[in-house]
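Just so we're on the same page: letters track the sequence lines, and every chain starts at 1.
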Amino acid sequence: MNSEETKPTDFIREAVAEDLKNGRFNYVRTRLPPEPNGYLHIGHVKAFMIDYLIAKENNGELILRFDDTNPTKEETEFVDAIIEDARWLGIEWKEVTFASDYFALLYDWAVQLVKKGLAYVDDQSPEEVSVNRGTFTEPGKESPYRNRSVEENLDLLERMKNGEFPDGSRVLRAKIDMSHPNINMRDPVMYRIIHEPAHHRTGNKWKIYPLYDWSHGQNDAMEGITHSLCSLEYLNHRPLYEWFLEQLDVFRSRQIEFARLNLNYTVMSKRKLRRLVEENYVNGWDDPRMPTLRGMRRRGYTAEAIVDFVQRMGISTVATSNAGVIADIAFLESRVRDDLNKHSLRRMAVLKPLKVVIDNYPDDLVEEMDAVNNPEDPNAGTRKIPFSKVLYIEQDDFRETPPPKYYRLYPGNEVRLRYAYFIKCAHVVKNENGEVVEVHVTYDPTTRGGDSPDGRKVKSTIHWVSARHAKEAEIRMYDRLFTKEDPEEGEDGFLACLNPNSLSVHTGYVEPRLAQTKPGDRFQFERQGYFCTDPDSTDDNPVFNLTVSLKDTWAKIEKKSK
RNA sequence: UGGGGCGUGGUGCAAGGGCAGCACACCAGCCUUUGGAGCUGUGGAUCUUGGUUCGAAUCCAGGCGCCCCAGCCA
């Protein structure tokens, strides 16, 4: 970041700067608190970047702390996946910790609250707890067990910890105010009893597990986290967050909330994503159509583009949808194009081949044409592409009867074959169904390289591949997964508006240079889009994924004229 | 319904009492050996009502709308 650029500023950065200035803190430490119960998606990136960058910008530290307080949901598989994805994004942390690292200390703190008369063991059933919590308009009722002696509470808590009671039979609750207008303050549950399954790290050692409210803030204090940045849904929890720290008289971390990030034309909830995978609407968590980081990575999105997108989205407290801020996927795509345009090697590939025969070209001649690898980057150099009498061009680049404004190949029209020659369409060959299967053209030998010595212009340049030299390849074209901007609306509505054309597989031809490619390689297929080599790719059967198409002005014109 | 939060072009974010601006999208044009990229330009917004003020997107009050909270989820 150079000095020309104005520093990114937002209400969180301002608050952090203010805290440093007025001495509330003299350092900055943030934490990244994923729950290891699923794969990361684009929505997570916002929180990740905020936590990472705010620490970094202030010469502070980031701690990656897994929020593993619920053994019924969390798995080691996901901690590994989350670490891998976060690294891929370029996020760096000082250390990795787990909420479960602090279970023993947290228990001590709970004992302290019990001793101060600020927490008690409640024997009510879950149903009773719920009923007695009251409603938005009516206050709750105090539990009959609320005023037990400290000694009895201590004894019961100890026995809960030792596993003497069955799941659901008792909880530890903070003693606050059962008629508080903020329901989170109506004696929130701190510990519940869970015997099975074993915790992914602590095994069967613990029979009681803390809830989020009785864990997160305490862990923040234990780790000296200065700024605990979270999403808007936790705003209502802040009074409780602060109450605990105050009663405990420990380090006072500051919680600040911001709006989550979402994308249109996709779903982000874990439940819905899981259904897509488990019911085989997509081919796994890393399906290129998924908004997961693994999916986007396989699709060919770069970490740089994703981070740039998230950065440019900014931060706010706007809360007009339950999903937070909903970004237009077109904006993400524009960041991807911007990045890939500068860095991708250009190649020629024909997705839907149409055979072209140059009638006046020598049968056995093969010429090597010079092509530039990236017009945006002179250092990318040039390459040779073989040219011969029989070629493949894109079906879309030929029309027997051209619509208005169409200036590609059609009978009588002259176009340029990129880096090769001008050709003019002479006649066509059709099959028994009347479909054009072969286009015959003549070429102008004086236009080699693509320029006419007589200064003659053509309106169109099309890409091609030499039939004899091209390599067959599988090309997977992707479109948005859903046809509606907000697939969430309605019950199973999100499945009802799945886009049936979100994946289409083509067998095309690519220039010989593309025969040696390895998974993750990125290219621009000229005039079509950015593609990357899929992990399924082999030397015998190269497989390419569409990352994002190029802007298609002709498609727009054509659509408008309809 | 009680509590809390939020309302700026289609979308996202600025303007922190002084000319409402940027990006994406959209539209028009220029340029072009990618109908790509690039460049230029047009259109379009302060939820509403009232108040304070010379002056309000900004401060105040009311209204309206949307979002969050009644898990032993996070």
- Does R201(A) reach the main-chain N or O of F98(A) with its side chain, forming a donor-acceptor pair under 3.5 Å? no
- Output yes when a side-chain donor or acceptor of Q395(A) lies under 3.5 Å from a complementary backbone atom of P353(A), and no otherwise. yes
Any [X] side-chain N or O less than 4.0 Å from OP1/OP2 of [N]:
| X | N | answer |
| --- | --- | --- |
| K551(A) | U34(B) | no |
| R192(A) | A74(B) | yes |
| R133(A) | G71(B) | yes |
| K556(A) | C26(B) | yes |
| T69(A) | A74(B) | yes |
| K207(A) | C72(B) | no |

- Query: Given that G314(A) and Y419(A) both sit by RNA chain B, which one's nearest nucleotide is further toward the 5' end?
  - Reply: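 Result of the comparison: G314(A).
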Which one, [options], comes nearest to the side chain of [X]?
| X | options | result |
| --- | --- | --- |
| F331(A) | A74(B), G71(B), C24(B) | C24(B) |
| T461(A) | A70(B), G35(B), A37(B) | G35(B) |
| N322(A) | G10(B), G35(B), C68(B) | C68(B) |
| K560(A) | A74(B), U34(B), A28(B) | A28(B) |
| T553(A) | G36(B), C72(B), A74(B) | G36(B) |

If you look at every strand shown and take non-hydrogen atoms under 4.0 Å, does [X] touch a base, only sugar-phosphate, or nothing?
| X | result |
| --- | --- |
| Y406(A) | base |
| E333(A) | nothing |
| P375(A) | base |
| I326(A) | sugar-phosphate |
| V171(A) | base |
| D167(A) | nothing |

- Message: Are F525(A) and Y530(A), when compared by the centres of their aromatic rings, separated by less than 6.0 Å?
- Response: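 No; Y530(A) has its ring centre 6.0 Å or more from that of F525(A).
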- For the ring pair Y212(A) and Y234(A), is the centre-to-centre distance below 6.0 Å? yes
- Rounded distance in Å between the P positions of C67(B) and G62(B): 23 Å
- Message: Wobble G-U and Watson-Crick pairs count when both distances are under 3.5 Å; given that, what is the 5' to 3' dot-bracket string of RNA chain B, with | for pairing to other strands?
- Response: .((((((..((((....[..))))..((((.......)))).....(((((..]....))))))))))).....
- Determine if the base of G71(B) is syn or anti; take syn to mean the glycosidic torsion is within 90° of 0.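 You should classify G71(B) as syn.
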- Parallel, tilted or perpendicular: ring planes of Y392(A) versus Y509(A), cut at 30 and 60 degrees: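 Ring orientation of Y392(A) relative to Y509(A): parallel.
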- Note on the structure: Numerically ordered, the residues 259-269 of chain A set in heavy-atom contact under 4.0 Å with RNA chain B is none
- Task: Please determine if R31(A) and E223(A) form a salt bridge, counting it only when a charged side-chain N lies under 4.0 Å from a carboxylate O.
- Result: no
- Inspect the contact between R456(A) and D444(A) and indicate whether a charged nitrogen and a carboxylate oxygen are less than 4.0 angstrom apart.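 Salt bridge flag = yes for R456(A) with D444(A).
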Check: protein-nucleotides 2-6 of chain B nitrogen or oxygen pairs below 3.5 Å:
{"residue": "G2(B)", "atom": "O4'", "partner": "F136(A)", "partner atom": "O", "Å": "3.4"}
{"residue": "G2(B)", "atom": "N9", "partner": "F136(A)", "partner atom": "O", "Å": "3.3"}
{"residue": "G3(B)", "atom": "N2", "partner": "N236(A)", "partner atom": "OD1", "Å": "3.3"}
{"residue": "G3(B)", "atom": "N2", "partner": "N236(A)", "partner atom": "ND2", "Å": "3.3"}
{"residue": "G5(B)", "atom": "N2", "partner": "A319(A)", "partner atom": "O", "Å": "2.9"}
{"residue": "C6(B)", "atom": "O2'", "partner": "A319(A)", "partner atom": "N", "Å": "3.4"}

- Other residues, nucleotides, ligands: >12 heavy atoms within 6.0 Å of K270(A) NZ: yes
